[in-house]
Amino acid sequence: MTSPGKSLADLAELVGGRVIGDPDVTIERVASIEDAGPGDITFVGHPRYQRFLASCRASAVIVADGPAGAAALNLLRVDDPYRAFVRIHALFNPPPAHDAAISPLAAIDSTAAIGTEVAVYPHCYVGRNARVGEGTVLMSGVTIGAGAQVGKGCVLHPNVTVEDRCRIGDGVILHAGVVIGSDGFGYAGHGPARLKVPQAGIVEIADGVEIGANTTVDRATIGSTRIGAGTKIDNLVQIGHNVVVGERCLIAAQTGIAGSAVLGDDVVVAGQAGISDHVEIGDRSIIGPKSNVLQSVPPGSVLSGLVEAAPHKQWLRAMRLLPKLPALWRRVAEIERSIRGPRQD
């Protein structure tokens, strides 16, 4: 359900901005700058979008300054247009409401503790001695294992699994298909003698974490795998056993973090990156897309290692040259020395 219209002055008060133009114009929706029309508000977050202003039909545009071509438009001037747009977007598009009711088609163990104002949809399962906090939503197909704990105000989308004894904090969002507490990938020995290592630990998810669809967080071998408060994790991320992720981290899609790796606070990991086992990533580090981190790095590191795809025959020729690089380097150094001649003191 969308919210009723707001005046541009009301929105300026919400985001701490200043109106240039008509403060009484009514805003009913948000839209992209290419598609916006009367009743819409849009934004210019990058100079490349200023070219759309001349033809923009929006009732208002959020800007950082008064760009050329915007004289005929109502403007909402703020320090950070995108952040202001997100706040207004949330105002007009609040999350869907859920009726606080327990479906008769849900299976809830008699020993489980369910808080007040909880919504439990059909075909959910809540196991023995599990706990679900006040105001939490369990959508269809959610499984909460024995002894697991889910905090207050959480939203677990369809087919989320929280395995036995794992702990979810308050205000956590788990999107469809997330698995918390699957067994870590641990084996000892070789061949027919290979043994599965018991995965006897848990996963602990702190307050305010959001985890994208089909991401998996493995339980610890011993102890706990931990995700810090405020961390946001994208779709299709694999987090191995005994990993520790700090607070307010951002981890993009298809990243893999191997067992016992440690990420500090405010770390950013771009898509398809790989972090090796037992590696420590210092606070505020940034890992670029497709990068493989094989060694620990100090706080504030910025790493990248992208190798672009190339035509197959060209790639094969380049790979054949790799073993020859040390000899080529030595030959180049010899040629340079011969060109410079003997050193003159």
Side-chain angles (χ1 to χ4, degrees), residues 1-98 137 153-155 157 171-176 207-213 229-235 237 247-253 266-271 284 286 289:
M1 179 184 296
T2 57
S3 297
K6 300 286 185 182
S7 72
L8 189 55
D10 289 337
L11 299 182
E13 183 177 358
L14 172 70
V15 299
R18 180 167 65 91
V19 174
I20 302 173
D22 181 5
D24 296 321
V25 64
T26 298
I27 305 299
E28 299 175 343
R29 298 169 301 274
V30 297
S32 68
I33 194 167
E34 301 96 327
D35 300 327
D40 294 334
I41 189 168
T42 187
F43 75 106
V44 174
H46 191 279
R48 67 174 174 267
Y49 291 104
Q50 291 188 11
R51 61 190 173 92
F52 292 105
L53 288 172
S55 59
C56 183
R57 299 170 54 246
S59 292
V61 182
I62 307 168
V63 297
D65 49 29
L73 296 170
N74 298 308
L75 303 179
L76 175 53
R77 190 168 180 175
V78 296
D79 293 332
D80 186 339
Y82 184 58
R83 181 177 175 84
F85 179 77
V86 169
R87 294 190 66 186
I88 293 170
H89 193 340
L91 175 69
F92 284 111
N93 297 280
H98 299 273
V137 176
C154 296
V155 178
H157 287 263
V172 171
I173 300 172
L174 303 179
H175 288 276
D207 297 349
V209 170
E210 183 167 1
I211 300 181
T231 284
K232 312 300 182 185
I233 301 173
D234 202 356
N235 305 332
V237 172
E247 298 183 355
R248 300 175 302 278
C249 294
L250 298 176
I251 302 174
D266 301 295
V267 171
V268 176
V269 183
R284 305 178 308 283
I286 299 174

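- Between the Arg77 side chain and the Ile20 main chain, no donor and acceptor come within less than 3.5 Å of each other.
- Taking every heavy atom of both residues into account, Gly171 and Cys154 meet most closely at N-SG, 3.8 Å.
- The nearest pair of heavy atoms linking Gly45 to Pro81 is CA-CB, 4.5 Å.
- When every heavy atom of Asn235 is checked against every heavy atom of Ala213, the shortest pair comes out as OD1-N, 2.7 Å.
- The minimum heavy-atom distance linking Pro23 with Ser7 is given by the pair O-CB, 3.7 Å.
- The backbone N or O of Arg248 lies less than 3.5 Å from a partner atom in the side chain of Thr231, making a donor-acceptor pair.
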Please walk me through it: do Ile88 and Leu76 pass side-chain contact (heavy atoms from CB on, under 4.5 Å)? CA-CA 12 Å; Ile88 293 170; Leu76 175 53; 4.0 Å; yes

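- Shown here for Ile27 and Asp40, the closest heavy-atom pair between the two residues is CD1-O, 4.1 Å.
- The side-chain heavy atoms of Asp22 and Leu8, taken from C-beta on, include no pair separated by under 4.5 Å.
- Residue Ile233 forms a side chain to side chain contact (heavy atoms under 4.5 Å, CB included) with just one option from Val269, Leu250, Ile211, and that option is Ile211.
- Scanning all heavy atoms of the two residues, the minimum distance from Ala31 to Thr42 falls at O-OG1, 2.9 Å.
- Around the OH atom of Tyr49, the shell of radius 6.0 Å holds no more than 12 heavy atoms that belong to other residues, nucleotides or ligands.
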Working note: Val19 + Asn74, criterion side-chain contact (heavy atoms from CB on, under 4.5 Å); need CA distance, chi angles, decisive distance, verdict. CA-CA 7 Å; Val19 174; Asn74 298 308; 5.8 Å; no

Please lay out, stage by stage, how Val15 and Arg83 fare under the test side-chain contact (heavy atoms from CB on, under 4.5 Å). CA-CA 9 Å; Val15 299; Arg83 181 177 175 84; over 6 Å; no

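- Counting heavy atoms from C-beta on, the side chains of Phe92 and Arg29 never come closer than 4.5 Å.
- Ring planes of His175 and His157: parallel class, angle under 30° (limits at 30 and 60°).
- Side-chain N or O atoms of Lys232 include none that pairs as donor or acceptor with a backbone N or O of Gly212 at under 3.5 Å.
- Side-chain N or O atoms of Arg18 include none that pairs as donor or acceptor with a backbone N or O of Leu75 at under 3.5 Å.
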Could you check Arg284 against Asp266 for salt bridge (charged side-chain N to carboxylate O under 4.0 Å, His left out), going step by step and ending with a plain yes or no? CA-CA 5 Å; Arg284 305 178 308 283; Asp266 301 295; over 6 Å; no

Intermediate values then yes/no, side-chain contact (heavy atoms from CB on, under 4.5 Å), Leu91 and Leu11: CA-CA 9 Å; Leu91 175 69; Leu11 299 182; 3.7 Å; yes

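- Atom CG of Asp35 and atom CZ of Arg57 lie 10.5 Å apart (nearest 0.5 Å).
- Expressed to the nearest 0.5 Å, how far CD of Gln50 lies from SG of Cys56 amounts to 12.5 Å.
- A distance of 9.5 Å separates CG in Asp234 from CD in Glu210, rounded to the nearest 0.5 Å.
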